[in-house]
Every structure is written in structure tokens, then in C-alpha cells.
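Residue numbers begin at 1 in each chain, while the letters A, B, ... track the order of the sequences. Every heavy atom of this structure was used, including side-chain atoms; hydrogens, water molecules and symmetry mates were not.
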There are 2 protein chains.
Amino acid sequence: MDGPTRIPTLADVASAAGVSLSTASLAFSGNKPVSGTTRQRVLDAATALGYPGPNPIARHLRQGRSGVVGIALGPISTAFRDPAALPMLDAVSEVLGAAGLGLLLMGDSDVHEQPLLPLDGIVYNICGRESWPAYDDYAARGVPIVVVEGPDWPGATSVDVESRAGSAVLARHLADLGHERVATLTLEPSHPQRERLAGLREVFPEAEVIGACPSDTASAQRLAADYLAGGPGVTAVVCQSDVQAAAVVAEARRLGLDVPGDLSVAGFDGVPTPWLDLELTTVVQPLRDKGHATATALLALVAGEPAPDVVLPVELRVGASTGPARSA
Amino acid sequence: MDGPTRIPTLADVASAAGVSLSTASLAFSGNKPVSGTTRQRVLDAATALGYPGPNPIARHLRQGRSGVVGIALGPISTAFRDPAALPMLDAVSEVLGAAGLGLLLMGDSDVHEQPLLPLDGIVYNICGRESWPAYDDYAARGVPIVVVEGPDWPGATSVDVESRAGSAVLARHLADLGHERVATLTLEPSHPQRERLAGLREVFPEAEVIGACPSDTASAQRLAADYLAGGPGVTAVVCQSDVQAAAVVAEARRLGLDVPGDLSVAGFDGVPTPWLDLELTTVVQPLRDKGHATATALLALVAGEPAPDVVLPVELRVGASTGPARSA
DNA sequence: GGGTACCGTCGAATCGATTCGATCGAAACG
DNA sequence: CGTTTCGATCGAATCGATTCGACGGTACCC
């Protein structure tokens, strides 16, 4: 009878309750005192009409805030394969949630253009400005930005881990074990990736790059198979994620190599690899701290306060996957 | 000098360009013809002022559409550990992207209340209405909803796979191999979970439930270790994801059991498990088709057209992880 | 009893765009 | 030359709320 059942607005509720629009608004927001009986009349009218609550879009237009922050994670298909992403996301979500802010995961739409979202702030994780076109749009609109392990960007707060230093410490560990020829399996090009490679090259300037692939078992295993099949010309392989390292260990064993007897393998991140019966030597980064620092910085920015850059320490964890270099 | 540098609005651009507000709007949207010289004057003025383009919030308020659809995935910390989620997400993102719609991943905030987002449509994946409070809010606001493998819900289009039938086919395969006592490792309670369990019980009414855990290696391995350590009272373990199945295989071997000689293990999903040197017997579900059907249904609903429910077939893939029951 | 606070309510302005309908001028037509 | 038509432009209404300032009434204090 009444067409496509228009959704009632606050104005409908107000007139049904016999109060003014402003009073009805106050009854919902509680921003100014409203008498108990009036509030009840408004709420009853709302229920009777099936009013779904204040329209968020309208509220945001007026208030200029949406209560939602986004986190850009790069391409959906790879962003979540890496177990290192999860503890950080958890921590971010915890801190923001406690502050009453919603968290939105933004997969990189890559090909298609994402419409601009009403966000109070954005975290760019790993994926830097170059791989995220909307960056400029949000920046121009004055949306506070935190860049995690990305290139410096004026106006944005950065959260970093000591990728380069950590990588160098790991390299030195290998050098101490007598390794001279090492190769590395890298992730796809990114800022922390370049830093880590630089750290490795501080100690092994000639380190060979086997190839780059996402942090998932299948890709790493394929690359490792090709490389190791010819008989490794190296005594150690440094990987840029633990998932890759685990894959390399598995592949080396399949080819009859003993780890670490014939080949030392190291990872990065410090995430559990329960399917491996060997503790990896790796560089442990404080994933939850990273998320915590990120969210805290963003909260400060959203509140209009300055947020200093953060650099988090990493720690070498020596496991059972690295050992003395096989003598020539 | 000019305070906190207010972001210019379309009105600023219009007056700078010497045209009316409406003309400036037309120059950006192209919804009605504007002379070339006028358009250029507007665009130049916009550039000069640093105008970041039409404010999306204001546009959405007027148009009633946001160009963004959300997909609810359940708790962040578990939703992405399952490799089965990714191909589906990919497919959804592809179809929606091609239609010019943005995709938003909504991690379940669980504890904290997520502010309502301006969405044109929502996909509830696995997580049903019960685990997603905002469901009712969006439904009340008339947002089109597609429920993937969730309980039926009036007004929402559902996309399902034949979980129950597939599970039953797998069970029959085991029965044919002579298995009589089987146990199952389930995922956390959910709609498809119950269906699959029902399918299994069609054939093995007494099947024992070892326990429920997320689809990640660590959790499954822990459960399997406890169960198998006492000497398995069963000849086959049916898992509800391939990741779990792979973990059970690994754990069984660690305990000296041969798979499938001593124990048959089956999975569900049909995703690659490259770190396992054994092809799993599993129920393959068409993950990409599922995503495709989901996105297509949502597009129809957003366009105001009806979208019929969809049920997708599954297929038993017999691998090398199941074999004849060890005779008593 | 008169003056001051304060509480509850209301009207109107506002956020930043889109869009309907009207207007104006120039081109096309009979 | 008068009329119609069409395209470009503009003014004003609109989307659905929040919020500022004003107003009237009651309670309280001296």
C-alpha cells in the first residue's frame, strides 16, 4: 500500500512523538539533557515506526567524523597468507576497539578504483604510497595517516621495526658460524624488504638473490626447488619470512640435504611454524607491539595530538636451523 | 595565517571559478552537459585551491548510495587463517570491482561495537546472524544482504554449497573402504559445520567428535596429538578442513602411524597443501564459483532486482590419504 | 516578592554535495 | 522575421541528521 516502504527518518519519529526534531535528536544522542518522559515517548515512537536509528551518513556529514579507521593491507590475495600480519591486526583492532573506533580492512583493489570512504584515519601497512593510489586523496582530505614499515612520507607518522639492523645481526650470526656464501629468498619488493636486504649485504655484499615470492609455502617451495636442485652453491639461505624458511627446509630435506648440516636456513618474523619439527633461527619482530604502537599513534592523530615516529627493536632468535658452515 | 587550513569545498571552487555551485558540481560529475571552457575553468580553480574532489559523505547522503559493499568474515584472528577463504574473496572482489563497487572486509569486532557503515550491500560469510549483531541494523535500513553458508534468513539471498551431501559422499567412500569406527575434528560451531556433521552421521551415526578448533595447523595439531596419543580407537579421521587434515597427517606420522595404512585421514575444501607430500582425500568445493555467485547475487540486489538462492555442488576427490581400513 | 540559575524544549542554521525546474541566449526552422 | 528548440547555466530544494542560540518556565536564594 505504501510503496517501497520508505525508511522512517528522525523527523518522522519526532512528529509521531509530538516533539521537535532537535529534541528527538537529543533523545538519541544524549548530548544534552532530556526529560525522562520525553525520551521515552521518542523511543517508543521510534520503535513503533521501525526507525533504525540515526542515519550514519547524515551524522558523519554533520560531525565530520565517522568513527571508523581503515587499514590498507595490499592485495587481498597475498596480504593474509602471511601469519605475521595477524597478531599485528589483532593488536590494532584491540586498541582501536577499546577507543570506540571501528576497524576496516582495505584490500588493495589493484585494478579497480575504490570509492573514497569516510574514514577518520588510515594505516598503510607495508604497502607504501606507491602501491596505494588513494593515499593522496585521503591525505588531501586531511585524514590522519600512519605508515607501517613504509617509506617516509611527510605529514604521516611512521611505525618501523629495525629491519636492517636485525637482518645484519642475523647475517653476522651466520658469518660467525663460518658461512661465506649465502643466498636469500626475498618477499615481493617493499620498503622493509629493501631494508632487510641492505642489512644482509652489510655482511655479505655478494649475497645472491634466489628470487622473490609472497610469503606462502607453495611459492617458496617452488623457488627453492629450482634453486636447490642444481646443488646449492651456498651454505646458507636467508629467507625473509618464517613461512618461506619452513618451505625451504622442507624442500632441502626432500632433496636429501640435512638442515643445518648441509644447509643452514634462517627466517624472519618469529611466528610459530608448528608443522616443522625444528625451531627456526629467525629475527623476531614484536608483532603485537607494532600493532599497539600503530593504533596508539593513530588515536593520537585522530584526537588532533601529534604522534611521534616509532621504531621497534627486533631480536635474533637462534634456533636449530642454522649451524656451522659445511667446510669446503 | 589561515588557521588549520580548512579543506576547500565545491562552493569555494565554484566562486573561484566564477560559476554557480550547481555548474561546478556538473563539471565534476558530468551528469549534464557543461561547456568545455567552463569545465576547464572549474577544474583549474579546483587544482589551484587544492580541492580534493567531491566529499564522499555528502555525495552519499544525497544519492543514498555509497558504492561500497561489505563482507563480514567473523573474527579477524581466525577468518584469514583458512586458505579456503582467499579464492572466494578474490572472486568476489573481481566481480564487484568490475561493476565499480568497492569491497570492504569487516572483521568481527566481537567485543566492541562497530559503528554502522554506509554500505550498499553486505555479504555475511559463514558467520551467521547470531554472531553478527549489526545484521539487524543493516537489514532494518534496507541494505541488501547475501548470506553465504549461513542459516536461512528471511529477505536475504543465500549462497550455499552442498556441505551435507558432500560430507555424506565422503563418509560413504570410507564405509566402502571398510571403515566402521571414525572420528571427526570439527571447526568452530557454524551453520556449514552442523551440515557437514549431519552428512557424516548419515553414514556413521556414532562418529566421535574429537574436538573443535579453528582451521589452522597449530590448533589442529594440538587436538590431534592429544587424541592420537592414546592409540586411536578409530581407523579414520574426518577433518572439516584440509589444513586440519594436513596437521592430523603430520601428527599421526610423528606418532609412528602410517597414513593411510594405519589411519585414513580426510579433509574438506580442496585447497593446496603443498607442504604435505601426499594428496589428501577431500571434498572439493568450488570456492571461486562461490565467490562469483555471491557477488553476482549482491549486484542484482543492489540494482533492485531479485536474486534467487544458489546451491553449489561439491565433488569428492579421492587422494592418497585414505585407504582400506586396517583389519581388526 | 523579585532576581538569578538552570533545565527542558524548540527553531533555524549547518555539514557538502546532487538535482529539479526555471531562465536565458543562440541556433534552427518555417 | 517570428517562433520553436535545445544546450548551458543558475537558484533553490533536498538528503538526514547535529548543534547553536534563544526562550519560557520552575526552583531557589536572599
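A donor-acceptor contact shorter than 3.5 Å links the side chain of A:Asp120 to the backbone of A:Gly67. Between the side chain of A:Ser66 and the backbone N or O of A:Pro118, at least one donor-acceptor pair lies under 3.5 Å.
Put simply, the side chain of B:Thr9 does not reach to within 4.5 Å of the side chain of B:Asn55, judged on heavy atoms. Annotation: side chain of A:Pro56 is in contact with side chain of B:Arg141 (closest heavy-atom distance under 4.5 Å).
B:Trp153 and B:Tyr135 form a side-chain donor-acceptor contact under 3.5 Å, judged by distance and modelled atom types alone.
Nearest-nucleotide mapping onto DNA chain D: of B:Thr38 and B:Arg141, the residue sitting toward the 5' end is B:Thr38. Nearer the 5' end of DNA chain D, as judged by each residue's closest nucleotide, is the contact made by B:Val19, out of B:Ala58 and B:Val19.
Scanning DNA chain C 5' to 3' for nucleotides with an atom closer than 4.0 angstrom to a non-hydrogen atom of chain A gives a first and last hit of C:dG8 to C:dG16.
One atom, NZ of A:Lys32, and another, P of D:dC20, lie 8 Å apart when rounded to the nearest Å.
Nucleic acid contact for B:Ile57: none, since no nucleic acid atom lies under 4.0 Å from a heavy atom of the residue. When heavy atoms are screened at a 4.0 angstrom cut-off, B:Gly36 is found touching no nucleic acid atom at all. Across all strands, B:Ser22 comes closer than 4.0 Å to base atoms (heavy-atom distances). Among the atoms of the strands shown, base atoms are found under 4.0 Å from some heavy atom of B:Ser25.
Just one residue in the list A:Val13, A:Asp12, A:Leu43, A:Ile7 forms a side-chain contact (heavy atoms from CB on, under 4.5 Å) with A:Tyr51, and that residue is A:Val13.
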